[in-house]
Amino acid sequence: MEEEEHEVYGGDIPDVEADVDMPTAPPDDDAVKELDEMKKRLKEMEEEAAALREMQAKVEKEMGAAAAAVQDPAASQASKEEVDTRSIFVGNVDYACTPEEVQQHFQSCGTVNRVTILTDKFGQPKGFAYVEFLEVEAVQEALTLSESELHGRQLKVMAKRTNVPGMKQFRGRRFNPYRGFRRPYVPPYFYSPYGYGKVPRFRRPSRYMPYY
């Protein structure tokens with residue numbers, strides 16, 4: 001009896017390693033540009049977020065300093081006096097002068113921490129500024145630059161004074177030799193019906209001359 005061969009299904013499939021080259025599509029220029037734009041927008045958003053965090057930290061620091069000043073006014077006044085000992089007043093500053101130019105002018109005296117040019121309510125400079133140094137010795141060096149020129153104008157440099165809250169400096173009126181002295185008003189014994197200082201006028205009656 002002959003043996004019959006039967007096909008067996010479900011046997012082990014031998015592992016065959018073959019390198020198959022899959023066709024790759026060429027890169028699309030529009031997709032590359034869109035990806036670059038997305039990266040650029042993401043970078044801008046990260047920079048804006050960092051700037052907002054820095055601004056928020058600065059505002060919180062200022063609010064904390066203001067709250068501390070309200071809670072302890074004596075400490076804030078002492079801190080202000082300490083800052084004023086390192087600051088100077090600069091007068092006769094040109095209106096077109098910038099804080100950077102003022103800083104460069106006083107850079108040789110010491111490390112400049114802050115330059116403040118005061119302005120009016122319309123944003124126009126008033127013509128004077130305050131310069132704050134990190135060293136107290138820089139104030140004496142800065143006083144030697146008084147009468148120095150910046151933008152063609154001679155600067156007036158003085159040490160900054162500390163303003164005491166609630167105290168207003170009294171300035172007496174200067175004597176004016178050209179100003180006359182007024183006599184005190186003396187009321188008359190009787191009031192004239194024609195007004196103060198006026199007397200009735202008596203006119204001579206004129207003759208009737210029709211053919212003159």
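Predicted, not measured: the structure shown is a model, and the values here were computed from it.
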Transitive ILVMFWY side-chain link [X] to [Y], under 4.5 Å:
X      : Y      : value
Val139 : Leu134 : no
Met158 : Val131 : no
Val83  : Val136 : no
Tyr95  : Leu118 : no

Taking the side chain as every heavy atom from C-beta outward, state whether [X] and [Y] have any pair of such atoms under 4.5 Å apart.
X      : Y      : answer
Leu150 : Cys97  : yes
His105 : Leu155 : yes
Met38  : Arg41  : yes

request  = Check for a donor-acceptor pair, side chain of Glu141 on one end and backbone N or O of Ser108 on the other, with a separation under 3.5 Å.
outcome  = no
ask   = Can Glu82 and Arg86 be counted as an ion pair, charged N to O under 4.0 angstrom?
value = yes
Determine the minimum heavy-atom distance between [X] and [Y], stating which atoms define it.
X      : Y      : value
Ala129 : Ile117 : CB-CG1, 3.8 Å
Ile88  : Ala142 : CD1-CB, 3.6 Å
Gln107 : Val112 : OE1-CG2, 4.1 Å
Arg153 : Asn92  : NH2-OD1, 2.6 Å
Ala138 : Cys109 : CB-O, 3.5 Å

Would you compute the distance between atom [atom1] of [X] and atom [atom2] of [Y] and round it to the nearest 0.5 angstrom?
X      : Y      : atom1 : atom2 : result
Asp84  : Tyr130 : CG    : OH    : 9.0 Å
Thr111 : Glu132 : OG1   : CD    : 12.0 Å
Glu149 : Asp94  : CD    : CG    : 11.5 Å
Glu48  : Leu52  : CD    : CG    : 7.0 Å
Gln154 : Leu145 : CD    : CG    : 13.0 Å
Ser87  : Arg161 : OG    : CZ    : 14.0 Å

task = Can you establish whether the number of heavy atoms outside Glu34 located under 6.0 Å from its atom CD is more than 12?
result = no
inquiry  = Within a 6.0 Å radius of atom CD on Glu44, are there more than 12 heavy atoms belonging to other residues, nucleotides or ligands?
reply    = yes
query = How are the rings of Phe133 and Phe106 set relative to one another: parallel (under 30°), tilted (30 to 60°) or perpendicular (over 60°)?
reply = perpendicular
